[in-house]
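Everything below concerns the one structure shown next.
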Amino acid sequence: MTTVKKLSISVPQDVAETLEQQGPGKASAYVTGAVRAQRAWEQFRDEQARRGVSLTSEGMAAARARRYAVQAEWPAERFAAVRERVREQMKQELASGDQPASAA
């Protein structure tokens with residue numbers, strides 16, 4: 001059984017509007033998803049740093065531009081299939097603690 005804790009928080013107006021738009025009783029799920037996504041990103045970034053990979057804003061922007069270029073060239077179905085395979089592989093590696101092979 002999941003333990004929950006009721007919190008009272010103050011948020012800026014734009015955030016409050018977004019939470020209100022989620023509908024009655026849905027703001028908690030929205031916040032929970034956002035916090036978990038942020039936590040996953042921080043864990044990923046920390047893991048990359050532990051492996052000696054520095055994630056910079058410039059590097060991520062360049063990678064994003066390359067991804068958009070591929071996405072524009074490939075049929076949507078092909079891009080979605082490859083993206084899903086990569087996500088599944090990453091989930092499996094995280095779940096098993098496997099380390100990806102080095103690119104030596």
Side-chain angles (χ1 to χ4, degrees):
M1 180 176 175
T2 302
T3 303
V4 296
K5 184 174 183 177
K6 188 170 182 91
L7 301 174
S8 174
I9 61 171
S10 299
V11 296
Q13 184 62 36
D14 62 322
V15 174
E17 289 170 3
T18 298
L19 294 173
E20 289 166 354
Q21 291 171 359
Q22 301 313 304
K26 305 271 173 125
S28 292
Y30 188 87
V31 170
T32 299
V35 169
R36 286 181 174 158
Q38 180 66 31
R39 189 171 54 198
W41 163 246
E42 291 167 356
Q43 289 171 344
F44 173 76
R45 189 184 59 223
D46 292 346
E47 178 63 20
Q48 294 309 305
R50 188 182 70 73
R51 294 177 183 198
V53 176
S54 175
L55 300 177
T56 64
S57 296
E58 297 82 11
M60 289 187 294
R64 188 177 308 110
R66 288 190 303 271
R67 179 173 52 92
Y68 288 157
V70 168
Q71 188 173 2
E73 292 177 14
W74 286 6
E77 299 81 17
R78 179 180 180 196
F79 185 82
V82 170
R83 182 177 55 201
E84 186 58 32
R85 281 198 312 268
V86 169
R87 285 181 176 164
E88 286 303 316
Q89 181 65 34
M90 289 173 68
K91 286 179 189 176
Q92 289 174 6
E93 287 179 5
L94 286 172
S96 68
D98 286 349
Q99 302 295 321
S102 67

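- Taken to the nearest 0.5 Å, the CG atom of Leu19 stands 7.0 Å off from the CD1 atom of Ile9.
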Per-pair distances, 0.1 Å, donor-acceptor, side chain in residues 64-80, under 3.5 Å, sequence neighbours excluded:
none

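- We find the CH2-CG distance between Trp41 and Asp46 to be 10.0 Å, quoted to the nearest 0.5 Å.
- The pair Glu47-Arg50 meets the salt-bridge criterion, since a charged nitrogen lies less than 4.0 angstrom from a carboxylate oxygen.
- In terms of the side-chain contact (heavy atoms from CB on, under 4.5 Å) criterion, residue partners of Glu42 (sequence neighbours excluded) are, by chain and number, Gln38, Arg45.
- Separation of atoms CZ (Phe44) and CG (Leu94) is listed at 9.0 Å; rounding is to 0.5 Å.
- Side-chain contact of Gln13 with Glu17: a donor-acceptor pair under 3.5 Å is present, judged by distance alone.
- In terms of hydrophobic clustering, with Ile, Leu, Val, Met, Phe, Trp and Tyr side chains grouped at heavy-atom distances under 4.5 Å, Val35 and Tyr30 are assigned to a common cluster.
- Between the side chains of Glu93 and Gln89, at least one donor N or O lies within less than 3.5 Å of an accepting N or O.
- Annotation: the span from Met90 atom CE to Glu88 atom CD amounts to 11.0 Å, rounded to 0.5 Å.
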